[in-house]
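Hydrogens, waters and symmetry mates play no part in the numbers below; they use all other heavy atoms, side chains included. Lettering of chains follows the sequences in order, A, B, ..., and the numbering in each one begins at 1. Given the structure is predicted, the values throughout are model-derived calculations rather than measurements.
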Amino acid sequence: MFHDRLQALLVPALQDAFSQLFNHALDVRSIGFQQTRPEFEGDVTINVFPFLKISGKGPEQTAQAIGEFLVAKVDVVERFNVVKGFLNIVISDAYWLGFLREAGEKDILAFPSTGEKVMVEYASPNTNKPLHLGHLRNIFLGWSVSRILEAAGNEVIKVQVINDRGIHICKSMLAWQKFGNGETPASSGLKGDKLVGKYYVEFDKAYKKEVDVLVASGRSKDEAEKEAPILLEAQDMLRKWEANDPEVRALWETMNGWVYAGFDATYERAGVSFDKNYYESRTYVLGKADVLEGLKKGVFYEKDGAVWVDNTAEGLDEKVLLRRDGTSVYMTQDIGTAIKRFEEFPGLSKLIYTVGNEQDYHFKALFIILKKLGFQWADELFHLSYGMVDLPSGKMKSREGTVVDADDLIQEVVDTARAVTTELGKLDDFNDEEKAVLFEMIGLAALKYFLLKVDPKKRMLFDPAASIDMQGHTGPFIQYTYARIRSLLRKGGELSVAGGQLSGAAGRTPADNHQLIIEEKAVVKLLHQFPAVLNEAATKLDPSSMANHTYELVKAYNSFYQSVPVMKEEDPAKRVFRLSLSRAVADTVRKAMWCLGIEVPERM
RNA sequence: GACCCCGUAGCUCAGCUGGAUAGAGCAGCAGCCUUCUAAGCUGCCGGUCGUUGGUUCGAAUCCAACCGGGGUCGCCA
């Protein structure tokens with residue numbers, strides 16, 4: 001399956017050429033297509049150096065022979081030139097026009113169904129504190145990858161695991177009991193997750209104080225940190241939670257409820273959602289039986305009363321799966337949860353975990369273990385590992401208060417969008433409601449694009465000033481280009497606005513004898529590459545390639561727009577062609593941004 | 001110490017399944033609004049692609065070593 005429809009024509013022809021000219025069966029993968037450099041004439045370039053042994057001729061003769069064959073046998077190959085070992089092929093305008101007609105008739109960023117069901121896990125917060133910048137990279141990434149996979153023809157199930165139990169939430173609960181005076185989100189006006197986070201900080205303060213007192217009374221730091229009464233109390237509370245103590249459970253339900261309301265508000269504003277939530281309080285018991293089963297089968301072994309797995313053959317270490325006292329570790333429940341998901345969703349073909357790269361080792365081990373337990377699907381597990389987000393001041397540290405809060409950050413970009421947009425003063429006839437929607441759209445575009453344009457695998461620097469930038473390589477720049485095209489199409493009479501739905505088919509089918517000028521061709525070629533980019537993004541689970549290609553496209557379009565008249569063009573055929581080109585760009589940009597989780601406005 | 005990731009322009013990033021003189025944005029400088037939205041466009045300035053070897057007709061891209069930055073190595077999560 002070729003996502004590049006031009007290569008779909010050229011590859012078979014090249015195979016014919018090699019078999020007829022050189023009596024050789026050409027391996028498709030050995031053909032390296034590249035964009036012709038702007039200083040030479042041509043649309044596609046093939047480097048013939050790798051083929052010299054096959055042809056037994058020099059580079060010029062080899063390229064010449066292939067070029068002549070293609071011109072003779074392939075309609076869309078108009079002519080060619082040879083520079084050193086490079087065969088530059090010129091594709092006919094008719095081909096590009098044909099492609100554009102296709103782009104007018106269908107969504108070029110929608111692939112036929114693969115029939116596959118894919119689960120994407122992302123977000124996965126702890127319930128003791130609010131979401132921060134690091135979560136936002138995770139959330140936008142997971143959401144975008146889900147959209148990309150959907151566009152590529154998969155059925156996608158979006159899930160999160162909520163870490164709702166454990167010592168962390170007990171600390172918040174205890175501090176709230178001690179110092180909260182019955183404070184609630186309603187009584188304080190604080191968002192639920194913020195309120196619970198506040199008591200997590202309160203716990204830490206009280207704990208530190210106690211540690212200091214103990215140290216002053218002659219304890220070592222280690223001892224003090226283990227013996228601080230408030231910590232012991234929190235541990236006691238965790239035990240009570242595990243023993244189903246009704247009072248503790250009730251408080252836990254209440255406070256987690258506050259947190260979920262807070263998270264939901266953040267998710268909604270960020271424009272993301274989930275098809276299913278998994279709660280650690282329910283999944284943490286999973287996996288035990290599976291580990292014991294593995295022990296029985298001899299996949300694992302017992303040592304010092306604990307159950308171990310030996311991954312040294314795979315270059316990893318030995319790892320505990322069940323403690324001596326029979327209780328679970330983190331790995332245990334991850335094993336159980338994975339198994340449960342494949343049971344719950346029969347036919348699930350792939351499971352993607354969006355989790356930071358500090359857990360690379362953990363997931364390597366997890367996948368190996370599941371493979372050892374004999375699950376076929378273990379090969380279809382994927383750790384979408386992404387890099388940390390650094391601040392100009394260094395790493396984010398909750399203890400040092402350098403964490404960038406997600407809600408605050410979103411508010412800030414939206415405020416900036418408001419300020420910039422108001423300054424530009426193009427919204428005279430917008431009402432307040434419309435303005436609010438637009439500011440939200442622009443601010444979030446700036447933030448999301450900033451986080452998504454970087455290769456997810458890489459650690460990235462979050463420069464607050466750059467993240468709210470709306471010029472250059474940014475989300476709002478792309479939105480702006482889109483809005484400008486929509487304006488053009490409205491003026492072209494091609495669109496009529498009715499109930500927010502834009503309709504009108506004129507300008508979708510350009511004449512087939514149009515001669516492309518260089519600015520038009522640049523845009524068409526970038527559009528033409530887009531399906532292959534989507535395919536790559538879906539394969540590599542990498543939204544950054546989509547983000548960057550969208551930018552390339554709108555940049556080329558802006559250049560075209562600036563120097564070539566569209567509506568002002570007097571020749572009706574040219575005008576229709578340029579409108580159809582503009583429309584195809586707008587449609588594709590809208591879809592590409594949809595894949596990134598970014599909305600585009602009709603006007604801005 | 002072992003293992004993993006990263007090192008490209010002043011800053012932030014593309015390019016990395018080897019291919020033609022290494023690309024953007026920001027910052028700086030100079031232009032372009034009586035024409036379809038100037039959140040734009042055009043031009044200039046700016047790089048020993050961390051270093052040294054190696055493989056190759058050809059290396060930012062592959063391999064090795066070293067230097068620098070980060071991460072992981074718990075019967076924690």
For atom NZ of A:Lys226, is the number of surrounding heavy atoms from other residues, nucleotides or ligands below 6.0 Å larger than 12?
no

Pick the P atom in B:C62 and in B:A24, then give their distance to the nearest Å.
23 Å

Distance col, row A:Arg603:CZ vs A:Glu434:CD, nearest 0.5 angstrom, shows 8.0 Å

Between A:Tyr480 and A:Phe477 (judged by ring centroids, cut-off 6.0 Å), do the two rings come close enough to count as a pair?
no

Under 4.0 angstrom, heavy atoms only, what part of the nucleic acid is A:Leu461 near: base, sugar-phosphate, or nothing?
sugar-phosphate

Might you confirm whether atom CD of A:Gln333 has over 12 heavy atoms from other residues, nucleotides or ligands at distances under 6.0 Å?
yes

Nearest-angstrom distance, P atom, B:A38 to B:G23:
29 Å

Select base, sugar-phosphate, or nothing to describe what A:Glu39 touches, counting heavy atoms under 4.0 Å on all strands.
base

Between A:Asp164 and A:Thr127, do the side chains contain an N or O donor and an N or O acceptor separated by less than 3.5 Å?
no

So what does A:Ser385 hit on the nucleic acid, given a heavy-atom distance under 4.0 Å: a base, only sugar-phosphate, or nothing?
nothing

What is the nucleic acid contact for A:Asp455, judged by heavy atoms within less than 4.0 Å: base, sugar-phosphate only, or nothing?
sugar-phosphate

Name the residue closer to the 5' end of RNA chain B, choosing between A:Asp317 and A:Leu438 according to the nucleotide with the nearest heavy atom.
A:Leu438

Just so I know, are the side chains of A:Val523 and A:Leu553 near enough to count as touching, which here means a heavy-atom distance under 4.5 Å?
yes

Taking atom C1' in both B:G7 and B:C45, compute the distance separating them and give it to the nearest angstrom.
25 Å

What's the base orientation of B:C73: syn (chi within 90° of 0) or anti?
anti

Taking atom NZ of A:Lys364 and atom CD1 of A:Ile369, what is their separation to the nearest 0.5 Å?
13.5 Å

P-based separation of B:G46 from B:A22 [nearest Å]
14 Å

Let me have RNA chain B in dot-bracket notation, would you? Count Watson-Crick plus G-U wobble pairs, both distances under 3.5 Å, and use [ ] for pairs crossing earlier ones and | for inter-strand partners.
((((((((.[[[[.)...(...]]]].(((((.......))))).....[[[[[..)....]]]]])))))))....

Ring centers of A:Tyr353, A:His383 separated by less than 6.0 Å
no

Could you check whether A:Met388 gets within reach of a base, just the sugar-phosphate, or nothing at all, counting any heavy atom under 4.0 Å?
nothing

Salt-bridge present (A:Arg490, A:Glu602; N to O < 4.0 Å):
yes

Taking any heavy-atom pair under 4.0 Å as a contact, classify A:Arg29: base, sugar-phosphate, or nothing.
nothing

Mind checking the C1' distance from B:G71 to B:A65? Whole angstroms is fine.
22 Å

On RNA chain B, which is the earliest and which the latest nucleotide, 5' to 3', with an atom closer than 4.0 Å to a heavy atom of chain A?
B:G7 to B:A77

Looking at every strand, decide which applies to A:Arg324 at a 4.0 Å heavy-atom threshold: base, sugar-phosphate, or nothing.
base

Let me know, please, whether A:Met460 or A:Phe560 comes out on the 5' side of the other along RNA chain B by nearest nucleotide.
A:Met460

Across the strands shown, which category fits A:Asp463 at heavy-atom distances under 4.0 angstrom: base, sugar-phosphate, nothing?
nothing

May I ask you to say what A:Phe40 touches in the nucleic acid, namely base, sugar-phosphate or nothing, with a heavy-atom cut-off under 4.0 Å?
base

Taking atom NZ as the centre, does A:Lys435 end up with more than 12 heavy-atom neighbours from other residues, nucleotides or ligands that are less than 6.0 angstrom away?
yes

Let me have the donor-acceptor pairs involving side chains of residues 455-464 of chain A, under 3.5 Å, with sequence neighbours excluded, atom names and distances please.
from	atom 1	to	atom 2	distance (Å)
A:Asp455	OD1	A:Lys457	N	3.0
A:Arg459	NH1	A:Asp390	OD1	2.9
A:Arg459	NH1	A:Asp390	OD2	2.1
A:Asp463	OD1	A:Ala465	N	3.1

When we call it a touch if two heavy atoms are under 4.0 Å apart, what does A:Tyr330 touch: a base, just sugar-phosphate, or nothing?
base

With sugar-phosphate meaning primed atoms plus P, OP1 and OP2, does A:Phe49 contact a base, only sugar-phosphate, or nothing at under 4.0 Å between heavy atoms?
base

Between B:C41 and B:G50, how many Å separate the two P atoms, rounded to a whole number?
30 Å

By the 4.0 Å heavy-atom rule, please label A:Ser563 as base, sugar-phosphate, or nothing.
nothing

Using a cut-off of 4.0 Å on non-hydrogen atoms, how would the nucleic acid contact of A:Lys84 be classed: base, sugar-phosphate, or nothing?
nothing

Separation between the P atoms of B:C36 and B:G47, rounded to whole Å
40 Å

Rounded to whole angstrom, note down the C1' distance from B:G18 over to B:C49.
15 Å

Using a cut-off of 4.0 Å on non-hydrogen atoms, how would the nucleic acid contact of A:Val161 be classed: base, sugar-phosphate, or nothing?
nothing

